[in-house]
Engineer: 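Below are the structure tokens for one structure; questions will follow.
Within every chain, numbering begins at 1; the chains are lettered A, B, ... in the order of the sequence lines, protein sequences first and strands thereafter. All of these numbers come straight from a predicted model, not from anything done at the bench.
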Amino acid sequence: MRLSMIPLATLRDDPADAEVPSHRLLARAGYIQKIAAGIYVYSPLMWRTLRKVSNIVREELEREGANEILMPILQPKEIWEQSGRWARYLAEGLMFHMVDKRGSELCLGPTHEEVVTTYIKRIVKSYKQLPVNVYQIQDKFRDEIRPRFGLMRGREFVMKDAYSFDIDEAGLDASYLAMDRAYRRIFERCGLAFRAVEADSGAIGGSGSQEFMVLAETGEDAILYCEESGYAANVEKATSIISPTPDGGEAKPLEKHATPGVKTVDQLVAFFKMDAARMAKTVIYNATYADRVEAVAVMMRGDLEINEVKLCGILDALAVGLADEATILRVTGAEVGFAGPVGLDADCRLLADLTLEGATNLLTGCCESGYHCLNVNLGRDCRMPTFHDLRLARAGERSPDDRGALVETRGIEVGHIFKLGTKYSKAMDATFIAENGKPEPFVMGCYGIGVSRTAAAAVEQNHDESGIVWPRPIAPFEVVVALLDAKRQDQVDLAEAIYGELRAAGVDVCFDDRKMSPGAKFKDLDLLGFPVRVVVGRRADEGIVEYSIRKTGDKEDLAREEVMARLRPRAS
RNA sequence: CGGGGCGUGGCGCAGUUUGGCUAGCGCGCUUGCUUCGGGAGCAAGAGGUCGGAGGUUCGAAUCCUCUCGCCCCGACCA
């Protein structure tokens, strides 16, 4: 490909709306152009990169026996009602939906569990046809609350989604592991530094899941990992070992103390001269369900934080958020800062973190403005809460296997694999005839990769002051032959000859024959980020060109044959 | 959706507070001459009606109302 023949416009200034490096550089180098918030045109060079990522994905998935298909983007409401997700997705405002001229409701596919389950259940009738794994690479549509960071979070984006169907849990485990292996190879081949972490399965549901995180400071997710044991988890999911809750001793009589204006844990520590670990703060949340909003009281040790994602999962709610003042007043009868298990509204559900199980003589609020209680004993002075792991794990705490300390880093979620189980197959009545002759629901898994996000993450991880430094496997072209002076016939001849020869040899090469000054061309090619550059310039008359590596900046003068020797793919 | 901010040639910005005359600047683009290994110089050009609608006024990029779009912080996700 000749760069003079493709639409390509690089910018000298950073686009004003780009914050993170990948967005800034991809926009400046002309790889992407914004059409609307979270909606982009991929230029010819960007599309080449996306195709390379896609092809790596295809190769590795097919190696594990997955089959590529293409499902419709436009999906009917009916199948979403079968799975029970239509109302929920609409309520969350996540789905683009429309009404056709007959009045039928449709959506632009945000994901394809419904379609794939419908598809497979009509084909696979017997356990003899299992397991099966199908996938597609296609644009997905999500009306994100906040699209941002260019390709990182778009409203339309390229995604690979795969779905496995198995006879039983053991089969699912095997399918899941196969995808795990494929994913590791995919991200390795893309040249990315990544980590697989335990994840919350969130809205999609299911029993287990793992996220693949490309490590980057600008990542939207925080992850905790342990170098010694290899434990790694999204903070949303992470657990840890912490210092035990201090022994409160034998139960003592309840005492009520006036604590005017003392509302926060820090203030209580100062007021009572007491260790925060012997206090229990009580936080009122609003849990949103499909049909109602419910206030919930959550108790946590004073020195620890509540993990709202865990809370949401335990409550099986659509969302949880801190309650407003009116709700707090209603369930506690007190202003904000004095909530406690004592005196709590009888209809308000009461949960407590595991660290409080068996704790005695706690300091808590008592649902009365200006007062706190000492020597609170759960079950004696108030209802016995249900105990759950509700704690937010933090860096510095011990890994759950106790083999080392947790370290925090940030990551970009480029892949996510889920064990769905029978959630969708049961809801959608998708069954096969098992060996015993009886219908059984498929045991499903689903596996996503953000293809466009992966490309963006690669830039996030591979750039410098001058521009993009594409990992070779996903660069739009591995090699660029740059002609410096199109008026010098010796340069033109040599450049054309080398370009032609490299192409003939099957090298992934493009030819920068654009007419621009040498300085500008160098800057531009650095920005574009091709891994290898062959400059045909002033020593063309001697048959010498400059060969350089974008990543290291190493340059050397080579004869034409030496260039060929470096770049010609090894005969296989 | 809550909070903050921004819409002026393709890109980056000034001008708006305190209305005023042909709306500026840099980059990019076109043509010519020179230049030619790290974003060249000179000269000549093309291109915007100031996001949109309505209003106030002798006069609006500038003031008012409504509206659309975009960005940042939060909840969501590949």
Engineer: Which whole number of Å gives the distance between the C1' atom of B:G5 and that of B:A46?
Structural biologist: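 The same atom, C1', in both gives a distance of 34 Å.
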Engineer: Go ahead and name the base partner of B:A14; Watson-Crick or wobble counts if both distances stay under 3.5 Å, otherwise write none.
Structural biologist: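 In the structure as shown, B:A14 has no Watson-Crick or wobble partner.
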Engineer: Distance from A:Asp485 atom CG to A:Met516 atom CE, nearest 0.5 Å?
Structural biologist: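 Here the rounded value is 13.5 Å.
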Engineer: Side-chain donor or acceptor of A:Arg153 under 3.5 Å from a matching atom on the base of B:C76?
Structural biologist: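 Indeed there is one.
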Engineer: Is it the case that B:C77 (base atoms only) and A:Arg453 (side chain only) share a donor and an acceptor within less than 3.5 Å, ignoring hydrogens and angles?
Structural biologist: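 Under the 3.5 Å cut-off, the side chain and the base do form a donor-acceptor pair.
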Engineer: Look through every strand shown and name the nucleotide pairing with B:C70 as Watson-Crick or G-U wobble, where both distances are under 3.5 Å.
Structural biologist: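 Partner of B:C70: B:G5.
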Engineer: Which whole number of Å gives the distance between the C1' atom of B:U35 and that of B:G52?
Structural biologist: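 Their C1' atoms lie roughly 47 Å apart.
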Engineer: Between the base of B:C77 and the side chain of A:Asp200, is there a donor-acceptor distance below 3.5 Å?
Structural biologist: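 Not at all, since no donor on one side and acceptor on the other fall under 3.5 Å apart.
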Engineer: A:Asp557 near the nucleic acid: base, sugar-phosphate alone, or nothing, with a heavy-atom cut-off under 4.0 Å?
Structural biologist: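 Nothing, no nucleic acid heavy atom in range.
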Engineer: Ion pair present between A:Glu144 and A:Arg153, side-chain N to carboxylate O less than 4.0 angstrom?
Structural biologist: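 Yes, this pair counts.
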Engineer: Between the side-chain atoms of A:Arg533 and the base atoms of B:G38, is any donor-acceptor pair under 3.5 Å?
Structural biologist: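 Result: at least one qualifying N/O pair found.
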Engineer: Output the rounded distance in Å from CD1 (A:Ile417) to P (B:A78).
Structural biologist: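 In whole Å, B:A78 P lies 12 Å from A:Ile417 CD1.
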Engineer: Taking the same atom, C1', in B:G39 and in B:C70, what whole-Å distance lies between them?
Structural biologist: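 After rounding to an integer number of Å, I get 29 Å for this pair.
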Engineer: Can you check the distance between B:U17 and B:C63, where both ends of the measurement are the P atom (answer in whole Å)?
Structural biologist: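 Looking at atom P only, B:U17 and B:C63 are 5 Å apart.
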Engineer: Taking the C1' atom in each of B:C11 and B:G4, what is the distance between them to the nearest angstrom?
Structural biologist: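 The same atom, C1', in both gives a distance of 26 Å.
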Engineer: So how far is it from A:Arg538 CZ to A:Asp557 CG, rounded to the nearest 0.5 Å?
Structural biologist: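 Going from CZ on A:Arg538 over to CG on A:Asp557, the span is 8.0 Å.
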